[in-house]
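Along the sequence shown, residues carry numbers from 1. Atoms within a ligand are numbered from 1 in the order they appear, just like the ligands themselves.
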Amino acid sequence: MAYEPKNFDHLIGKVKGLSETQLKAHFTLYQGYVKKLNEISDKLKSADRGAPNYSFNDYSELRRREPVAYNGTILHELYFGNLGADGTGPSAELTKAIESAFGNADAWAADMKACAGSAHGWVLTTWDGNYGCIRNNLVQSEHHVGLLANNHVIYALDVWEHAYFFDYQTKKADYVANVLQAVNWKAVNDRYAAASGKK
Ligand SMILES: [Fe+2]
């Protein structure tokens, strides 16, 4: 299948604290992941499966890099999709889940900030289908190491330097604090409802 990049231009000028330059650079970077996902997908169709190898083999390497391009694509779509305050807040059910997991919304945000300070990449809030709760998930090493199995992402926070460096330089914590004030809660509520089955 061919993967098409989604258009997030509607965010330009709508996310407090993120400039047009910053967002456009980020969109371009995201489109690069979609391009690589298509390239890997195309090469996998005809790759020789006859001599797979842990150290090196063309097919093996395509499979090893596939999660980077795949998650680089999907996690950016989730991040852009939950970016931009929409004037709403967490739903009653999501509030209950946040309180059950973290105590309150401020504690959730404090934990997200602590995860962001510990990470060089992605911090996610997920619906954990294994234990029926939400949790925060720090993704390590590119986009693919550390993702928890059978968890559905309901909120994605990009803390790679490219996400904020134009606007914040080294003030990562300021960027994180700003973005946590600019959550599109409708998107997060919808994802939570879809993943958990709770409206
Ligand atoms: Fe990014």
Task: Asp190, Asn189, Asn184 screened by side chain to side chain donor-acceptor pair (under 3.5 Å) with Lys186, the one that passes - done: Asp190
- [ ] Please list, in chain and residue-number order, the protein N/O/S atoms closer than 2.8 Å to the Fe ion (ligand 1).
- [x] His26 NE2, His76 NE2, Asp158 OD2, His162 NE2
Task: Presence of salt bridge, Lys96 and Glu99, under 4.0 angstrom - done: no
Task: SB check Glu77 Lys6 (cutoff 4.0 Å) - done: yes
Open item on the list: Taking ring pair (Phe, Tyr, Trp, His ring centres under 6.0 Å) as the definition, give me every residue that meets it alongside His152, ordered by chain and number, with sequence neighbours left out.
Closed with: none
Open item on the list: So for atom CZ, which belongs to Phe166, do other residues, nucleotides or ligands contribute more than 12 heavy atoms lying within a distance under 6.0 Å?
Closed with: no
Task: Hphob cluster co-occupancy, Leu11 + Tyr79, side-chain heavy atoms under 4.5 angstrom - done: yes
